[in-house]
Amino acid sequence: MTDITDDIAEEISFQGFDDYCKLLKNLLNDVLQREVGTEFVDKLERNLTLAQSACNLRFAGIEDTAELLEKQLASEISKMTLEEALTFARAFSHYLNLMGIAETHHRVRKTRNLAHLSKSCDEVFNQLLHSGKSGDELYESVCNQEVEIVLTAHPTQINRRTLQYKHVRIAHLLEYNDRPDLTQEDREILIEDLVREITSIWQTDELRRHKPTPVDEARAGLHIVEQSLWKAVPHFLRRVSNALKKHTGKSLPLTCTPIKFGSWMGGDRDGNPNVTAKVTRDVSLLSRWMAIDLYIREVDSLRFELSMTRCSDKLSREAHDILEQETSPEDRHESWNQPMSGNQTKLHGQQAPPLPTQLPARADLPACTECGDDGGSHPKLELPGTGYMPLSRQDAQGSSNSESSFHESGHGSSKSIANGSFANSNSHQSAPSPRGSFTSSQLLAQRKLFAESKIGRSSFQKLLEPSPPERPGIAPYRIVLGHVKDKLMKARRRLELLLEDLPCEYESWDYYETTDQLLEPLLLCYESLQSCGAGVLADGRLVDLIRRVTTFGMVLMKLDLRQESGRHSEALDAITKYLDMGSYSEWDEEKKLEFLTRELKSKRPLVPPTIQVAPDVKEVLDTFRVAAELGSDSLGAYVISMASNASDVLAVELLQKDARLAVSGELGRPCPGGTLRVVPLFETVKDLRGAGSVIRKLLSIDWYSEHIVKNHNGHQEVMVGYSDSGKDAGRFTAAWELYKAQEDVAAACKEHKVKVTLFHGRGGSIGRGGGPTYLAIQSQPPGSVMVSYLYVHQGRQ
């Protein structure tokens, strides 16, 4: 009886799947009849029937008849013209995509209807408790768990993002069609929407007509985060927290997240000369821009939701201070004898400069008087807002005539770097130009720029948003969150200027730069809501935002860098030859280690600033310089592909240390963040077999072991490659060698009392180590997953 019931349920399930397949197929045929004609649709149906019949007959074992049908199908296709064959291929491609959407929708529906999910957080925690683990052990393990998923672009990804969005739209329409409360009119409108989407897909070019750049690939990856991970992460963490509270009585801490994300898009330069130091810098800044833009949207929604007036005393004082700061007369005061920058910098806590005791020289002359060659020294009068930078390069070019005098007089140009500091790019400054050099048209242009940037923009902003409350007791949460939004918008504008290589004069207190700075006011709002008995509100959108900030930080995804080990050897070889120290590439391993260790212990830079090297070597040195400027706040790990010796790791450590010394010397202060984690990647069978020996050698070097403990909390990260090992020895042999290498690396780290983090370069097809991640994690060697687990997804985005 049970078997019959199961068969009936399965039949009903597949009937639903067939219904969606028929619906999408019929709609596609209707679109094709309008686009290419009835005759072509009939030919398409005939060929489709021949193909399906041949497959069914072969499956049934009737080979002769199947072969006849296949020959007839081949004859039909061979008679087509090239244009007909192209249209035929496009139609079949879209048909298969639509069937794939129907199948995915069917699987999702089937999964949702299951009463019990064996792999849910609730079930997994229940199994652990029944296996003998205590509630405290479970809680501590979950809170300390670290899983990092690293995304990377891959050349097998050919679907355009435009078509991907249209496919998602069709999937959403199918989901909407499942609602039982839809009327007949609603379903007719839904069918019209599906027809529109399919028509749009047919009329859209499926292929990219230009090769995507690394920045294009990175931008596509950021859109994946925006469309998928941004919504999925708080939902997943909410499920983890609820299951944890059910089984242990304690929720997941707000600032604790067991999952993080990284990216190789824009940082993986192994075999890709298009990934340059500038590309890495731009992609890192673009990722920061995307993170802040997403936070601005969330804060806007949160401001609308938190309209209540009851709050804690601490939040009330914060809102009062914000209102006082915004309405303070000092904020609107502009000193007549001090030039103002475009962002109207406010020096809090400092007294106003004293008034002058005497008039400056030549102050009795008219303003239009030109100075002669004798050089008048009277101060130049600058209009407020002369430092205002246009929003785009076009605006900048359009106003270049009116701004050139200001930028060329007394202001050396500067180059922005990621942390908001500036390295002087000119070795000299031009002498200040006299005031008389400004024409009336230039002054008029400056006044226009000022009016547009200040009055017009502020008036337009007032139209978009309601007037802020005058008393903090009216809407304290909105006041605090409005201040948060203001600083986020300044941070976003600052990044836009950095991406355009324009000067940025925002002070550090004007914008958010670190995750802790953004979390502070959000946690203040959460604590206030909890103290006022509004915990149900605090645990909603606000908690989701706090967990997003904890997960994604200010960078969305930290960017990993990857380079082949031979490129670092070439760079050091060029440096040692330039310094007349010999040829690094000709030294044996022991001599390399001796040289590297000695230089790492030295406090002086190794690379002279005036060194002349080949372009390939210069690109390697530029990459380390950008890494020093961005720091570990924006970047994650430096992965060394084809690593085979301990010197490969120390070579990167030396180049990294040298670049940080050079950059900090120019800035006059330490570089932002800490040093990057240096991760050897063992790929070939030979390198996998020697991985444990390399790690033992590294950890036996005093400088390196102290460096790991001091700068990386006693963690050694090692990456193992699934793709190249599979190519080298085949999947079965590679799987066994990977297993043994992980055991050996874990044992080596245990011998030196260092925790190991294994970074798995797997994903996509079976040949690249693909497969169910759930089972892959469970199949790791005992002791190899100590605290954290890293996994790079190499498949299609």
Q) Do the non-hydrogen side-chain atoms of D560 and D268 ever get within less than 4.5 Å of each other? A) no

Rounded to the nearest 0.5 Å, how far does [atom2] of [Y] lie from [atom1] of [X]?
{"X": "C143", "Y": "L244", "atom1": "SG", "atom2": "CG", "result": "6.0 Å"}
{"X": "L194", "Y": "L27", "atom1": "CG", "atom2": "CG", "result": "6.0 Å"}
{"X": "L44", "Y": "T38", "atom1": "CG", "atom2": "OG1", "result": "12.5 Å"}
{"X": "H94", "Y": "L32", "atom1": "NE2", "atom2": "CG", "result": "8.5 Å"}
{"X": "L237", "Y": "C256", "atom1": "CG", "atom2": "SG", "result": "8.5 Å"}
{"X": "I77", "Y": "F88", "atom1": "CD1", "atom2": "CZ", "result": "5.0 Å"}

Q | Nearest heavy-atom neighbours spanning T65 and I62 | A |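 Where T65 meets I62 most closely, the heavy atoms are OG1-CG2, 3.5 Å.
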
So does [X] pair up with [Y], basic N to acidic O under 4.0 Å?
{"X": "D293", "Y": "R297", "answer": "yes"}
{"X": "E39", "Y": "K43", "answer": "no"}
{"X": "K231", "Y": "E226", "answer": "no"}
{"X": "R58", "Y": "E70", "answer": "yes"}
{"X": "E35", "Y": "R90", "answer": "no"}
{"X": "K260", "Y": "E146", "answer": "no"}
{"X": "D193", "Y": "R196", "answer": "yes"}
{"X": "R219", "Y": "D216", "answer": "yes"}

Assess the side chains of [X] and [Y]: does a donor N or O sit below 3.5 Å from an acceptor N or O?
{"X": "S634", "Y": "R288", "answer": "yes"}
{"X": "S200", "Y": "K166", "answer": "yes"}
{"X": "N56", "Y": "S53", "answer": "no"}
{"X": "W202", "Y": "E197", "answer": "no"}
{"X": "T255", "Y": "T550", "answer": "no"}

Q: Fit a plane to each ring of W736 and Y739, take the angle between them on a 0 to 90° scale, and name the class: parallel (under 30°), tilted (30 to 60°) or perpendicular (over 60°).
A: parallel

Q: Give me the ring orientation class for H106 and F17: parallel if the planes are under 30° apart, tilted from 30 to 60°, perpendicular past 60°.
A: tilted

Q) Are more than 12 heavy atoms from other residues, nucleotides or ligands located less than 6.0 Å from atom CZ of R187? A) yes

Q. So among R303, R547, R548, which one has a salt bridge (Lys or Arg N to Asp or Glu O under 4.0 Å) with E298?
A. R548

Q: Identify which one of F552, F261, F236 satisfies the ring-ring contact (aromatic ring centres under 6.0 Å, His included) criterion when paired with W230.
A: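 That would be F552; it is the only one of F552, F261, F236 passing the ring-ring contact (aromatic ring centres under 6.0 Å, His included) with W230.
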
**Q.** Pair H247-N126, side-chain contact (heavy atoms from CB on, under 4.5 Å): steps then yes or no
**A.** CA-CA 7 Å; H247 292 285; N126 187 51; 3.9 Å; yes

Q.
Checking H105 now: which residues fulfil ring-ring contact (aromatic ring centres under 6.0 Å, His included) with it, not counting sequence neighbours?
A.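 Listed in chain order: Y20.
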
